[in-house]
Amino acid sequence: NGLMAKYHLHLAHLYGDLLNTYSDVGNIIALQYYAKQMDADIDVKVISIDNDFNPQDFDLALFGGGQDYEQLVVSKDLPNKKAGIDKFINDGKPLLAICGGYQLLGHYYIGADGEKIPGLGILDHYTLSQDNHRFIGDITIKNEESNQEYHGFENHNGRTFLGKGERPLGKVISGNGNNGEDHTEGAIYKNTYCSYFHGPILTRNGEIAKKILLAALEHKYPDADLSSQKALKIKPTF
Ligand code: GLN
């Protein structure tokens, strides 16, 4: 009847009840908005401290940003989720990690008070602190593989340094990015996209939403003809 979508995706919102500042949940709304144009719908489940994370139950995931205190709370639960998140990422399922979530995918984050917050260590970056300062403001980057420009707003204490197997989401054109030093912003590893962008990133940069959705659809429906999904035109929103 034209009302039912052809494709169905399940999204895990990792620690969505704790890491939920900065309107990162808008990324889910943006994914649902673009999914609809791709004949797909997305249901959402928050996976938090009390829940198991079974990677086979989900097709895509969001790991949002938060304050240092909530990151510390989440950090203590990460060992329970590590095997599942590792499998999800290394199977090539798409994950979007913003700011605090991005930091927690790496080895550790030194919080603003100097406390070391252990991460998952699934991606090879680490994050240092800065004294009495945060990177706050508008930011523009360019992804050098696609030549796409991405726009956002950053607000972070952490200074992240990329490691093995990671390439940046983009080169900083204006703003600070990962660390204010090496002109990189964010990270890409397989189909995991990491960024310091709030705004939220996907509402302003639909091209990234499209990449994430295509990765999820290709993974779940390997035999589907996704040519019309690939042809979807994203209108710039900035
Ligand atoms: N608390 C972390 C920092 O200040 C992450 C902030 C965020 O998620 N925006 O770097």
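Counting starts at 1 for both ligands and their atoms, following the listed order. Sequential numbering from 1 along the given sequence is applied to the chain's residues.
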task = Walk me through it: do V73 and I49 pass the test side-chain contact (heavy atoms from CB on, under 4.5 Å)?
result = CA-CA 9 Å; V73 173; I49 308 278; 4.2 Å; yes

Can you report which non-hydrogen protein atom sits closest to [atom], along with the distance?
{"atom": "atom 1 (N) of ligand 1", "answer": "D68 OD1, 2.6 Å"}
{"atom": "atom 2 (C) of ligand 1", "answer": "Q71 OE1, 3.1 Å"}
{"atom": "atom 9 (N) of ligand 1", "answer": "C99 SG, 2.7 Å"}
{"atom": "atom 3 (C) of ligand 1", "answer": "Y109 OH, 3.2 Å"}

Between [X] and ligand 1, is there a nitrogen or oxygen pair with a distance under 3.5 Å?
{"X": "I98", "result": "no"}
{"X": "H156", "result": "no"}
{"X": "G66", "result": "yes"}
{"X": "Q103", "result": "yes"}

inquiry  = Residue-level breakdown please: for N155 versus ligand 1, do any non-hydrogen atoms fall below 4.0 Å on the side chain, on the backbone, on both, or on neither?
reply    =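 The answer is the backbone.
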
query = Which is it for E154 and R134 under the salt bridge (charged side-chain N to carboxylate O under 4.0 Å, His left out) test, yes or no, and what are the steps along the way?
reply = CA-CA 9 Å; E154 57 181 333; R134 298 179 69 80; over 6 Å; no

task = Can you run down the side chain to side chain donor-acceptor pair (under 3.5 Å) pairs that involve residues 97-107, sequence neighbours left out, and say none if there aren't any?
result =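 As it turns out, the side chain to side chain donor-acceptor pair (under 3.5 Å) pairs with a partner in residues 97-107, which skip direct neighbours, are Q71-Q103, Y102-N178, Q103-Y196, H107-D124.
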
For K87, all residues meeting side chain to side chain donor-acceptor pair (under 3.5 Å), sequence neighbours excluded =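 Counting only residues at least two positions away or on another chain, K87 forms a side chain to side chain donor-acceptor pair (under 3.5 Å) with D91.
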
For [X] versus [Y], what's the shortest heavy-atom pair and its separation?
{"X": "F153", "Y": "R204", "value": "N-NH1, 4.3 Å"}
{"X": "G101", "Y": "A97", "value": "C-CB, 3.9 Å"}
{"X": "P94", "Y": "I212", "value": "CG-O, 3.4 Å"}

key: Side-chain heavy-atom pair L19, V74 within 4.5 angstrom cut-off   =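 With C-beta onward as the side chain, the pair touches.
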
Going by the order shown, which atoms of ligand 1 are within less than 4.0 Å of some heavy atom of [X]?
{"X": "G100", "result": "5 (C), 7 (C), 8 (O)"}
{"X": "G65", "result": "8 (O)"}
{"X": "G158", "result": "3 (C), 10 (O)"}

task = Decide whether I85 and Y108 are clustered together by the hydrophobic rule: side chain heavy atoms of Ile, Leu, Val, Met, Phe, Trp, Tyr closer than 4.5 Å, transitively.
result =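 No; tracing contacts between hydrophobic side chains, which count when under 4.5 Å, never links both residues.
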
query = Measuring from the heavy atoms of E154, does anything fall under 4.0 Å of ligand 1?
reply =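 Distance cut 4.0 Å: E154 fails for ligand 1.
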
